[in-house]
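Read the structure below first, then the notes.
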Amino acid sequence: MEHPLCYLTFGPPAIPNIPPNAQWSQNGVTVAGGHGLGSASDQLYFPMGLFVDENQKVFIVDSYNQRIVQWNLNDTNGKIVAGGHGSGSGLDQFADPADILLDKETNSFIICDWGNRRVVKWSRLSNATQGEILIDNVQCRGLAMDNQRYLYVSEYGKHQVRRYSLDQKSFTIVAGGNGQGTGLNQLQSPKYLFVDRQQTVYVSDTSNHRVMKWNKSATEGIVVAGGQGRGSNLTQFSSPRGVFVDTYGTVYVADYENHRVMRWSQGATQGTIIIGGNGEGKHENQLNHPECLAFDRYGNLYVSDQNNQRVQNFTIQST
């Protein structure tokens with residue numbers, strides 16, 4: 001498997017081989033934001049999707065600031081790389097963007113522009129001043145791209161995941177699509193996505209408090225994490241968000257309302273807490289509604305700590 005959620009690229013660098021029993025520092029280091037809610041260059045306002053590139057640059061969907069920002073390693077201020085012109089429907093604007101991926105083939109960001117019900121491509125060239133609409137009339141909440149350059153979109157309102165052929169802009173439903181519900185052939189408010197080399201789709205089925213795996217061409221999904229109702233037990237989630245699957249089939253999940261990040265080994269009936277779980281708060285060992293997660297090439301973990309208006313880095317420990 002090759003694509004961490006929130007860092008989904010065509011032709012990405014190798015994903016780190018994370019040992020099954022890896023541990024991370026329990027005290028996070030703020031690598032973006034952390035100076036309260038606001039729109040200054042050292043602030044974030046409701047950070048959502050993110051990814052980390054091979055140079056450890058962090059790209060963040062700064063949702064309520066209507067912009068995408070880049071933070072370099074050890075920076076004290078971020079740089080706007082897309083948007084930043086207020087909320088609106090212009091091609092230089094966003095309306096509460098939600099997720100992002102990097103398409104190396106075109107050297108462009110692909111952005112889920114939630115409030116405008118569209119998916120936008122925005123060139124990374126320094127002279128780019130506006131984006132281009134790739135897909136419209138879609139309530140996009142999460143994005144992924146596979147190694148054949150199909151684009152995957154979670155259609156939040158229709159409770160389905162779509163696979164788009166970008167050249168034709170046609171789509172196929174690859175998960176859900178049978179109405180809102182709790183059945184194995186259904187989803188309820190799907191959000192973040194992860195896609196592997198076999199075009200297996202993992203989706204955070206948020207309102208069902210579970211993570212589902214849909215094999216290619218499957219008509220039903222498989223519950224691979226959660227699925228025991230809403231709660232804080234190790235068998236449960238409360239509104240899961242970001243999801244990542246490593247080479248061992250281990251599933252990592254941002255457990256939003258439980259203020260923790262969990263790891264579920266392949267076939268496990270319960271998860272383990274790897275970050276947080278110390279109650280809602282702003283201390284170094286706490287999270288406040290973790291939204292998205294990503295790993296860098298060394299296996300360090302990054303979390304968009306939404307209600308703390310910051311991105312935290314947790315260093316992988318030697319094993």
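Start at 1 with the first residue, then count along the sequence. All heavy atoms count here, side chains included; hydrogens, waters and symmetry mates do not.
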Spell out, as yes or no, whether a donor-acceptor pair under 3.5 Å connects the side chain of [X] to the backbone of [Y].
X      : Y      : result
Asp113 : Val120 : no
Gln186 : Asn178 : yes
Arg297 : Glu54  : yes
Ser204 : Gly242 : no
Gln93  : Ala95  : no
Asn308 : Gly281 : yes
Gln306 : Pro290 : no
Gln160 : Glu155 : no
Ser304 : Cys292 : yes
Gln43  : His35  : yes

Subject >> Derivation of the side-chain contact (heavy atoms from CB on, under 4.5 Å) call for Ile135 and Leu151 >> reply: CA-CA 10 Å; Ile135 304 167; Leu151 182 65; 3.9 Å; yes
**OP:** Could you give me the CA-CA distance, side-chain angles and deciding distance for Val223 and Leu184, then say whether side-chain contact (heavy atoms from CB on, under 4.5 Å) is met?
**Re:** CA-CA 8 Å; Val223 179; Leu184 293 179; 4.0 Å; yes
Quick one: does [X]'s side chain get under 4.5 Å of [Y]'s, heavy atoms only?
X      : Y      : result
Thr129 : Asp92  : no
Ile80  : Asp62  : no
Val81  : Arg124 : no
Leu187 : Met212 : yes
Ile110 : Val119 : yes
Trp214 : Val174 : no
Leu143 : Met145 : no
Val311 : Val31  : yes

Smallest separation among heavy atoms of [X] and [Y], with atom names:
X      : Y      : answer
Ser239 : Thr206 : OG-CG2, 3.1 Å
Ile111 : Pro97  : CG2-CB, 4.1 Å
Trp24  : Arg263 : CZ3-NH1, 3.6 Å
Trp264 : Leu234 : CZ2-O, 3.4 Å
Leu293 : Leu301 : CB-CD1, 4.0 Å
Ala22  : Ile316 : CB-CD1, 4.1 Å

**OP:** Hey, can you tell me if Tyr252 and Phe295 have their rings parallel, tilted or perpendicular (30° and 60° cut-offs)?
**Re:** perpendicular
Subject >> Derivation of the side-chain contact (heavy atoms from CB on, under 4.5 Å) call for Ile68 and Ile100 >> reply: CA-CA 9 Å; Ile68 309 300; Ile100 184 173; 3.5 Å; yes
Spacing of [X] atom [atom1] and [Y] atom [atom2] [to the nearest 0.5 Å]:
X      : Y      : atom1 : atom2 : answer
Arg163 : Gln199 : CZ    : CD    : 5.0 Å
Arg260 : Asp255 : CZ    : CG    : 4.5 Å
His159 : Asp205 : NE2   : CG    : 10.0 Å
Gln56  : Asn72  : CD    : CG    : 11.0 Å
Glu280 : Leu287 : CD    : CG    : 10.5 Å
Asp196 : Lys216 : CG    : NZ    : 11.0 Å

Subject >> Gln312/Thr30 under side chain to side chain donor-acceptor pair (under 3.5 Å): CA gap, chis, key distance, verdict >> reply: CA-CA 5 Å; Gln312 296 290 88; Thr30 301; 2.5 Å; yes
Original post:
By ring pair (Phe, Tyr, Trp, His ring centres under 6.0 Å), which residues pair with His289, not counting sequence neighbours?
Top reply: Tyr256, His259
Original post:
Between Glu284 and Arg310, is a salt bridge (Lys or Arg N to Asp or Glu O under 4.0 Å) present by the stated rule, with each step listed?
Top reply: CA-CA 11 Å; Glu284 294 175 336; Arg310 66 188 183 185; over 6 Å; no
Original post:
Listed by chain and number, what are the side chain to side chain donor-acceptor pair (under 3.5 Å) partners of Asn77, not counting sequence neighbours?
Top reply: Ser41
Original post:
Do the charged groups of Glu291 and Arg241 touch, with an N to O distance under 4.0 Å?
Top reply: yes
Original post:
Does Asp103 pair with Arg149 as a salt bridge, N-O distance under 4.0 Å?
Top reply: yes
**OP:** Using a cut-off of 6.0 Å, state whether more than 12 heavy atoms not belonging to Tyr45 lie near its atom OH.
**Re:** no
**OP:** Tell me, yes or no, whether the heavy-atom count around Tyr164 atom OH, taken from other residues, nucleotides or ligands under 6.0 Å, exceeds 12.
**Re:** yes
Would you kindly confirm whether [X] and [Y] end up in one hydrophobic cluster when ILVMFWY residues are joined by side chain heavy atoms under 4.5 Å apart?
X      : Y      : result
Ile222 : Met262 : yes
Leu73  : Val303 : no
Leu91  : Leu134 : no
Tyr248 : Val243 : no

Subject >> Polar side chain donor-acceptor pair, Gln66 to Asp96, under 3.5 angstrom >> reply: yes
**OP:** Could you name each residue pair satisfying ring pair (Phe, Tyr, Trp, His ring centres under 6.0 Å) that touches residues 65-114, not counting sequence neighbours?
**Re:** Phe59-Phe109, Phe94-Trp122, Trp114-Tyr156
Original post:
Relative to Tyr192, does Arg141 satisfy both conditions: NZ or CZ under 6.0 angstrom from the six-membered ring centre, and within 45 degrees of the ring's axis?
Top reply: yes
Subject >> Pro240: which of Val251, Asn258, Val253 passes side chain to side chain contact (heavy atoms under 4.5 Å, CB included) >> reply: Val253
Original post:
Does the side chain to side chain donor-acceptor pair (under 3.5 Å) test come out yes or no for Ser238 and Glu257, once each step is laid out?
Top reply: CA-CA 5 Å; Ser238 185; Glu257 292 179 353; 2.8 Å; yes
Subject >> Chi angles and distances behind the side chain to side chain donor-acceptor pair (under 3.5 Å) call for Asn27, Ser25 >> reply: CA-CA 6 Å; Asn27 289 339; Ser25 59; over 6 Å; no
**OP:** Please test Ile60 against Val69 for side-chain contact (heavy atoms from CB on, under 4.5 Å), starting from the C-alpha separation and ending with a verdict.
**Re:** CA-CA 5 Å; Ile60 305 157; Val69 291; 3.9 Å; yes
